Enquirer: 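First, the structure itself, so that you have it in front of you.
For reference, positions follow the sequence shown, starting with 1. Quick caveat, the model's predicted, so the values are computed rather than measured.
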Amino acid sequence: MGAARVTDLTARARAWSRAEVEPGVNDPAPSATVLRQRIASAAAHGFLGVQVPQALGGLGLPFSAKLALGEALAQVDFGSAMAVLNTHNVAEQLARLWPQSTAAPWVRAIVSGERVACTALTEPEAGSDFAAIQTRATRTAAGWQLDGQKTWIINACYADLVVVYAQTDPQRGAAGIGAFLVEAQRPGFHRVSEQPLGTVPTLGVGGFRLEGYVCPAEAVVSPPGEAFKDILHAINGARTYVAAMCCGMVESCLQIAAEYGQSRHTFGKPLMGHQGWRWALAQASVDLAAARLLVGQAAAHIDAEADAQVSAAQAKIFATGMAQTHIAKLLHAMGAEGLHAHHPFTRHLQAVQAATFTDGATEMLLERVARQFNRPSNAP
Ligand SMILES: Cc1cc2nc3c(=O)[nH]c(=O)nc-3n(C[C@H](O)[C@H](O)[C@H](O)COP(=O)(O)OP(=O)(O)OC[C@H]3O[C@@H](n4cnc5c(N)ncnc54)[C@H](O)[C@@H]3O)c2cc1C
């Protein structure tokens, strides 16, 4: 039953991407209105509530279903896939951390596409070193006042709701960080721009400043002492689905190259007839299968609520590197044809470079994997 629902979900995701995303995917500067309409359309298909309990309007499926959705969407466009999952994740987080009666109106608004959401950790002066964030949360009689700046946030060029991570007590370091639900239309929220920052425009990446932004005490999503742990837990899921999206991008390039190899002839035979040519495709399929096994291992850990820190890091390190290598090689196998904008090769290449940064740059993930060897006796 569960497997059939996931198959149905991914089939609908592929059809939706082809119909709704692909036609405008090369627009270098989509407007906030276009990006918002796309999220609303995704909501109508249930994509924003995959992991959200049915009692709150979601589909109540496990993490691996969201992962399958992400991979299917990314075959056409990594940016739209990430935009969908990033707004989804806020609904899932509120449903998980807040009492049902408090969470319900917010979660329903996100799942229905009425309000778009995002998650903001990164700042101009703090990316990999997340514990160094400088956005301050100060207690007031009414709740909390937030001041600071966030950048490189998916959906932030048009989102209505943001889970903002802010420091409540610099003396406490990571333990002082709390998470707060911020509403973009309230005083004190200043969007940097309604145009997406460069790179993959459909990500809707943007930034904002908080100046004297006041929120009620109930807006605490995760209190100091818990928020840092929560984000480290959630980020394993993000690393795993980003790895799956990289697999999706390689899969789509592989299919296109295999088809082209049958029809394009050189030296009297199809490209596929040349051993040296088809080995590029064979090697891509071998490495893609290996990446999928790592993704499957991490997803199984997450579904089972087991420790996925190492397996998620391994999956993302391998899948991003695999995609960087093979999308470039598959483009090369297409000859100049691969450069055409109606093919996804150049778009996917740029997306994969962005994927190496989102939810932890590769070096941070290698550090996470290395930590298992760095027991006290090995410490420098
Ligand atoms: C497209 C895109 C979307 C994003 N979306 C979001 C989002 O929705 N929300 C959000 O909060 N953030 C988001 N980010 C930010 C992302 O999490 C950061 O880019 C990432 O954490 C890396 O931080 P940085 O870019 O500031 O690089 P830095 O931390 O400045 O690092 C620069 C380089 O040095 C390397 N490096 C840093 N420290 C070390 C070290 N100790 N040892 C070895 N190498 C090191 C890094 O790996 C990197 O290659 C997004 C980024 C991109 C590109």
Enquirer: I need the Leu366 CG to Arg368 CZ distance, nearest 0.5 Å.
Expert: 12.0 Å
Enquirer: Taking the side chain as every heavy atom from C-beta outward, state whether Cys157 and Leu35 have any pair of such atoms under 4.5 Å apart.
Expert: yes
Enquirer: Keeping the roles fixed (side chain from Lys316, backbone from Gly360), state whether a donor-acceptor pair exists under 3.5 Å.
Expert: yes
Enquirer: Is Leu97 close to Glu226 at the side-chain level, that is, under 4.5 Å between some pair of heavy atoms?
Expert: no
Enquirer: Determine whether the side chains of Asn155 and Thr87 contain a donor N or O and an acceptor N or O closer than 3.5 Å.
Expert: no
Enquirer: Of all heavy-atom pairs between Pro30 and Pro201, which one has the smallest distance, and what is that distance?
Expert: CD-CB, 3.4 Å
Enquirer: Just by distance, do the side chain of Arg239 and the backbone of Ala315 share a donor-acceptor pair under 3.5 Å?
Expert: no
Enquirer: Let me confirm one number: the CD1-CG distance from Ile133 to Leu121, rounded to the nearest 0.5 Å.
Expert: 7.0 Å
Enquirer: What distance separates Trp16 CH2 from Glu22 CD, expressed to the nearest 0.5 Å?
Expert: 12.0 Å
Enquirer: Are Leu254 and Met272 connected in the hydrophobic side-chain network, where two residues link if heavy atoms are under 4.5 Å apart?
Expert: yes
Enquirer: Could you give all pairs that pass the salt bridge (Lys or Arg N to Asp or Glu O under 4.0 Å) test and reach residues 110-123, with sequence neighbours left out?
Expert: Arg115-Glu183, Glu123-Lys150
Enquirer: Roughly how far apart are Ser17 OG and Gln75 CD, rounded to 0.5 Å?
Expert: 8.5 Å
Enquirer: Kindly say whether Tyr158 contributes a backbone atom to a donor-acceptor pair with the side chain of Arg36 at under 3.5 angstrom?
Expert: yes
Enquirer: For the backbone of Val76 and the side chain of Arg347, can you confirm whether one donor and one acceptor N or O come within less than 3.5 Å of each other?
Expert: yes
Enquirer: Check whether any side-chain N or O of Trp98 sits under 3.5 Å from a backbone N or O of Val220 as a donor-acceptor pair, and report yes or no.
Expert: yes
Enquirer: Please check this pair: side chain of Thr362 against backbone of Ile317, looking for a donor-acceptor N/O pair closer than 3.5 Å.
Expert: no
Enquirer: Can Leu339 be reached from Val25 by stepping across I, L, V, M, F, W or Y side chains whose heavy atoms are under 4.5 Å apart?
Expert: yes
Enquirer: Looking only at heavy atoms, what is the nearest atom pair of Pro124 and Thr151, with distance?
Expert: N-CG2, 3.6 Å
Enquirer: Val352 and Met249: side-chain contact (heavy atoms from CB on, under 4.5 Å), yes or no, with the steps?
Expert: CA-CA 8 Å; Val352 167; Met249 288 188 272; 3.7 Å; yes
Enquirer: Quick test of your reading: applying ring-ring contact (aromatic ring centres under 6.0 Å, His included), list the pairs with at least one residue in residues 199-219, sequence neighbours left out, ordered by first then second residue.
Expert: Phe189-Phe208
Enquirer: Looking only at heavy atoms, which two atoms of Phe78 and Ala355 are closest? And how far apart?
Expert: CZ-CB, 3.9 Å
Enquirer: Quick one: does any side-chain atom of His88 pair with a main-chain N or O of Val50 as donor and acceptor, under 3.5 Å?
Expert: yes
Enquirer: Output, in order, the C-alpha distance, side-chain angles, deciding distance and verdict of side-chain contact (heavy atoms from CB on, under 4.5 Å) for Leu73 and Ser80.
Expert: CA-CA 7 Å; Leu73 295 175; Ser80 303; over 6 Å; no
Enquirer: Given Leu56, which partner from the list Ile110, Val107, Leu94 fulfils the side-chain contact (heavy atoms from CB on, under 4.5 Å) test?
Expert: Val107
Enquirer: Kindly state each residue pair satisfying ring-ring contact (aromatic ring centres under 6.0 Å, His included) with at least one member in residues 224-266, sequence neighbours excluded.
Expert: Phe130-Phe228
Enquirer: Please enumerate all residues that pass salt bridge (charged side-chain N to carboxylate O under 4.0 Å, His left out) together with Arg96, with sequence neighbours excluded.
Expert: Glu92
Enquirer: For the residue pair Val205 and Ile154, establish whether any side-chain heavy-atom pair is separated by less than 4.5 Å.
Expert: yes
Enquirer: Would you say the side-chain atoms of Gln255 and Glu251 include a donor-acceptor pair closer than 3.5 Å?
Expert: yes
Enquirer: Assess whether atom CD of Glu367 is packed by more than 12 heavy atoms of other residues, nucleotides or ligands within 6.0 Å.
Expert: no
Enquirer: Does the Arg12 side chain pair with the main chain of His45, one donor and one acceptor, at a distance under 3.5 Å?
Expert: yes
Enquirer: Examine Leu281 and Phe345 and state if one hydrophobic cluster contains both, with Ile, Leu, Val, Met, Phe, Trp and Tyr joined whenever side-chain heavy atoms are less than 4.5 Å apart.
Expert: yes
Enquirer: Side chains of Val200 and Met82: closer than 4.5 Å at any heavy-atom pair?
Expert: no
Enquirer: Surrounding CD of Gln185 (heavy atoms of other residues, nucleotides or ligands, distance under 6.0 Å), is the total greater than 12?
Expert: yes
Enquirer: Which atoms form the tightest heavy-atom contact between Thr122 and Gly127, and what is the distance?
Expert: CG2-CA, 4.1 Å
Enquirer: Look only at the side chain of His332 and the backbone of Ala280, and say whether a donor-acceptor pair between them is shorter than 3.5 Å.
Expert: no
Enquirer: With the side chain counted from C-beta on, respond yes when Thr240 and Val295 share a heavy-atom pair under 4.5 Å apart, and no when they do not.
Expert: yes
Enquirer: Work out which heavy atom in Ala308 is nearest to a heavy atom in Ala298; give both atom names and the distance.
Expert: CB-O, 4.3 Å
Enquirer: Please determine, by modelled atom types, if Glu337 and His343 share a side-chain donor-acceptor pair under 3.5 angstrom.
Expert: yes
Enquirer: Can you find a heavy atom in the side chain of Pro170 that is under 4.5 Å from one in the side chain of Arg136?
Expert: yes
Enquirer: If you measure from CD on Gln283 to CG on Leu330, what distance do you get to the nearest 0.5 Å?
Expert: 11.0 Å
Enquirer: Check step by step if side-chain contact (heavy atoms from CB on, under 4.5 Å) holds for Leu61 and Lys66.
Expert: CA-CA 8 Å; Leu61 291 168; Lys66 182 171 77 177; over 6 Å; no
Enquirer: How close do Ala179 and Tyr165 get, heavy atom to heavy atom, and via which atoms?
Expert: CB-CE2, 3.6 Å
Enquirer: Between CG of Leu69 and CG of Leu59, what distance do you get to the nearest 0.5 Å?
Expert: 9.5 Å
Enquirer: Please confirm whether the backbone N or O of Ala4 pairs with a side-chain atom of Asp8, one donor and one acceptor, at under 3.5 Å?
Expert: no
Enquirer: Give the intermediate values and the outcome of side-chain contact (heavy atoms from CB on, under 4.5 Å) for residues Leu161 and Val116.
Expert: CA-CA 6 Å; Leu161 300 173; Val116 177; over 6 Å; no
Enquirer: Does CZ in Arg278 sit with more than 12 non-hydrogen atoms of other residues, nucleotides or ligands closer than 6.0 Å?
Expert: yes
Enquirer: Would Trp277 and Ile327 show up in the same hydrophobic cluster when neighbours are defined by side-chain heavy atoms closer than 4.5 Å?
Expert: yes
Enquirer: Should Leu349 and Leu331 count as side-chain neighbours, where that means a heavy-atom distance under 4.5 Å?
Expert: yes
Enquirer: Can Gln167 and Gln134 be counted as having a side-chain donor-acceptor contact under 3.5 angstrom?
Expert: no
Enquirer: Once ring pair (Phe, Tyr, Trp, His ring centres under 6.0 Å) is applied, do any residues pair with Trp152, and if so which ones, sequence neighbours excluded?
Expert: none
Enquirer: I'd like to know whether CD of Gln372 has more than 12 heavy-atom contacts from other residues, nucleotides or ligands below 6.0 angstrom.
Expert: yes
Enquirer: Applying ring-ring contact (aromatic ring centres under 6.0 Å, His included), which residue pairs with at least one partner in residues 296-327 are found, sequence neighbours left out?
Expert: none
Enquirer: Are Lys269 and His274 packed together at the side-chain level, in the sense that at least one heavy-atom pair is separated by less than 4.5 angstrom?
Expert: yes
